[in-house]
Amino acid sequence: MLGLLVRATFTYVFLLLLVRLSGKRTVLEGTPFDLVVALVIGDMPDDVIWGEVPLAQGIVAMGALVLLHTTVVYAAYRHPLIGRLVGSRASRIIHDGRRQLAAMARERINEADLRSHLRSHAARGLGEVREVHVEPSGALSVVRVERAKPAERRDLSRLRAALRR
Amino acid sequence: MRHIVAIAAATLVALVANAWFVSRGIALDVLVPPPAKVVRGFVTALAAGRPDRARDALSEPARNEISVDRLRWIDERLRNRFGVYHVVPLETVVREESATTGARLQPGRGDPVHVTFSLVRERPARLWKIDGLGSLEALAGDHAAL
């Protein structure tokens with residue numbers, strides 16, 4: 001039981017250290033591959049904690065994976081060419097309110113998915129949307145047409161100025 | 001760049017500390033899997049049709065003696081006799097650098113069978129390794145005589 005406690009504590013501290021050192025990207029705003037790496041790393045401590053593998057193997061496996069991934073992410077940040085090789089670019093699936101069918105097919109987003117995403121961005125239809133991008137993280141970003149944007153403080157100032165006239 | 005160096009350094013420090021503890025025989029029960037886990041891992045790999053992986057659990061002399069084909073043969077014999085099988089480690093007796101683990105081979109059909117595994121600590125990693133498959137081979141061999 002004491003061994004389990006020691007292994008669990010060590011694994012917790014070591015993982016905490018690796019995640020802190022690797023930066024926030026591994027768990028937030030990452031690409032789908034960041035998620036895969038996070039899942040693989042998340043699966044490793046299990047065997048170490050239960051004593052199925054030597055502690056040294058766990059250290060090497062977790063350390064090597066985090067090191068490799070952080071190196072690749074850093075290289076992608078420093079060199080756009082590597083960034084293009086290991087990552088992906090945002091793709092525009094709506095332009096000027098019109099669907100870009102080839103891009104939608106490439107991203108495997110059908111009409112129902114698109115409408116669902118638009119609703120989650122409080123857009124009632126394509127008429128309110130200027131552009132929709134599928135970001136490298138897989139999230140959809142929506143740029144609305146001017147008239148469909150929510151009111152801002154400056155709109156109130158404009159309205160007051162117009163009323164005064 | 002500092003992050004990469006820091007991750008490499010943290011991993012290296014953890015490995016060196018682990019090696020230091022292992023070399024001095026401190027907290028070995030924490031740092032390496034106990035004999036029961038080694039036995040279970042070995043039989044699980046064997047029953048899963050991974051004799052190459054099972055062979056990693058053998059000590060060097062046993063590895064020289066027992067080939068992957070031999071392990072495959074043992075697995076086939078056990079499967080023919082017991083159907084799907086797994087092992088439940090029972091008691092382990094540790095004597096310094098050697099150990100004996102008794103286990104219950106739980107067959108898919110028929111009664112459980114008691115088997116024993118002798119293990120040795122292999123240097124320099126001080127890992128427990130299975131030194132012989134006496135009773136398991138006998139079980140497989142018995143079937144040939146049936």
Side-chain angles (χ1 to χ4, degrees), chain A residues 1-27 30 34 37-38 41 44-79 82 86, chain B residues 1-45 48 50 53-54 56-57 59 86-87 89 92 94 99 101 119 121-130:
Chain A
M1 196 60 86
L2 183 67
L4 182 69
L5 184 71
V6 173
R7 279 193 299 271
T9 307
F10 172 82
T11 307
Y12 176 85
V13 172
F14 187 59
L15 263 183
L16 180 69
L17 188 68
L18 289 183
V19 171
R20 291 281 293 125
L21 291 174
S22 66
K24 298 177 182 72
R25 178 175 159 160
T26 309
V27 285
D34 290 319
V37 171
I41 293 169
M44 286 177 175
D46 187 41
D47 288 342
V48 178
I49 290 171
W50 292 112
E52 306 282 348
V53 298
L55 198 63
Q57 275 186 22
I59 294 169
V60 170
M62 288 186 277
L65 203 59
V66 173
L67 182 66
L68 187 64
H69 189 58
T70 308
T71 306
V72 169
V73 168
Y74 180 73
Y77 155 73
R78 287 299 298 251
H79 305 285
I82 298 174
V86 300
Chain B
M1 191 66 187
R2 273 182 301 145
H3 288 167
I4 296 168
V5 175
I7 291 167
T11 306
L12 204 63
V13 166
L15 272 179
V16 168
N18 180 78
W20 187 83
F21 280 113
V22 167
S23 67
R24 273 161 183 69
I26 302 168
L28 279 179
D29 293 344
V30 175
L31 303 176
V32 302
K37 299 270 184 184
V38 176
V39 166
R40 186 155 49 198
F42 169 77
V43 177
T44 303
R50 296 286 312 273
R53 193 160 183 178
D56 291 341
S59 66
H86 69 275
V87 76
T92 297
V94 178
T101 294
L119 298 96
R121 268 199 199 281
E122 221 172 45
R123 288 178 182 272
R126 310 290 294 272
L127 297 176
W128 285 112
K129 296 281 184 176
I130 296 170

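Naming convention: chains lettered A, B, ... in sequence-line order (proteins, then strands); numbering from 1 in each chain. Owing to the predicted nature of the structure, the values given are computational and were not obtained by experimental measurement.
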(request) State, with a plain yes or no, whether a side-chain heavy atom of H3(B) is found less than 4.5 Å away from one of Y74(A). (result) no
(message) A side-chain contact here means heavy atoms from C-beta on lying under 4.5 Å apart; do I59(A) and N18(B) qualify?
(response) yes
(message) Heavy-atom pairs under 4.5 Å with chain B - which of G51(A), G3(A), G58(A), G63(A) has more of them than the others?
(response) G51(A)
(message) Which heavy atom of A14(B) sits nearest to which heavy atom of F14(A), and what is that distance?
(response) CB-CE1, 3.9 Å
Quick check for you: to the nearest 0.5 Å, what is the distance between [X] atom [atom1] and [Y] atom [atom2]?
| X | Y | atom1 | atom2 | answer |
| --- | --- | --- | --- | --- |
| I7(B) | T70(A) | CD1 | OG1 | 3.5 Å |
| Q57(A) | L15(B) | CD | CG | 11.0 Å |
| F10(A) | L31(B) | CZ | CG | 9.0 Å |

(request) Inspect the surroundings of CZ in R126(B) and state if more than 12 heavy atoms from other residues, nucleotides or ligands are less than 6.0 Å away. (result) yes
(request) Give a yes or no on this: more than 12 heavy atoms of other residues, nucleotides or ligands lie within 6.0 Å of atom CZ of R24(B). (result) yes
(request) Determine the option with the most heavy-atom pairs under 4.5 angstrom with chain A, choosing from V38(B), L127(B), V30(B), V32(B). (result) V30(B)
(request) Check the pair F21(B), L55(A) against side-chain contact (heavy atoms from CB on, under 4.5 Å), reporting the backbone distance first and the verdict last. (result) CA-CA 11 Å; F21(B) 280 113; L55(A) 198 63; over 6 Å; no
(request) Would you list the pairs meeting salt bridge (Lys or Arg N to Asp or Glu O under 4.0 Å) in which at least one residue belongs to residues 49-76 of chain A, sequence neighbours left out? (result) E52(A)-K37(B)
(message) If the condition is side chain to side chain contact (heavy atoms under 4.5 Å, CB included), which residues does T71(A) pass it with, not counting sequence neighbours?
(response) L67(A), I4(B)
(request) Please flag which part of D29(B) lies under 4.5 Å from any non-hydrogen atom of chain A: side chain, backbone, both or neither. (result) backbone
